[in-house]
Each structure stands twice: as structure tokens, then as C-alpha cells.
Amino acid sequence: VLTNSEFHGRAGRVVVAPRLGGPPDAIASPWRVLDGDSVYAIDFMLSLDTTRLLELSGHVSETALRRIRLVMRRIT
């Protein structure tokens, strides 16, 4: 989830970037952000209703979140 609780409350939606499987170097792209062993696909981000979030699957580091938001600004 890339958006904050204020956005969720007002919009009733979240913006998510899916975590991809596979080795990080096999899915390199300027729109992909590496965080440890995980790769997040900013080019595949989507908006979901908050009721569709089922479970917490982990957290990204603050550094990765800053990079993700920078890529988001460049895409949009």
C-alpha cells in the first residue's frame, strides 16, 4: 500500500504496487523498485477499495518507500 491513512479515509481506496516473484535482476526496469529480496512493480500499481485488503503481507523500508513515491511522481 503506497497511500496513507488520510487518503484511505477520504477516498475509501488504497494504491498498491504488487510485489513480483523471481530474481531481482530478471525483472529489472526503471519502474521497478528493489527492497531486499523483493521487487515492487510501480508500472503495475492499481487502486483498490479498502474493503478488498485481506491481510498484511509485510512492510517496505523507508528508503524503498521514498524511491517508490519518486517513481510514482515520474510516471504520473
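All heavy atoms count here, side chains included; hydrogens, waters and symmetry mates do not.
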> Y40 and A17: which non-hydrogen atoms are nearest, and at how many Å?
Replying inline: CD2-O, 3.8 Å
> If every non-hydrogen atom of V33 is compared with every non-hydrogen atom of A64, which pair is closest and at what distance?
Replying inline: CG1-O, 4.0 Å
> Could you give all pairs that pass the salt bridge (Lys or Arg N to Asp or Glu O under 4.0 Å) test and reach residues 60-71, with sequence neighbours left out?
Replying inline: none
> Of all residues at least two apart in sequence or in a different chain, which pass the side-chain hydrogen bond (donor to acceptor under 3.5 Å, both in side chains) check with S47?
Replying inline: R13
> CG/L65 to CG/L70 distance, rounded to the nearest 0.5 angstrom?
Replying inline: 11.5 Å
> Which residues satisfy the salt bridge (charged side-chain N to carboxylate O under 4.0 Å, His left out) test with R52, sequence neighbours excluded?
Replying inline: none
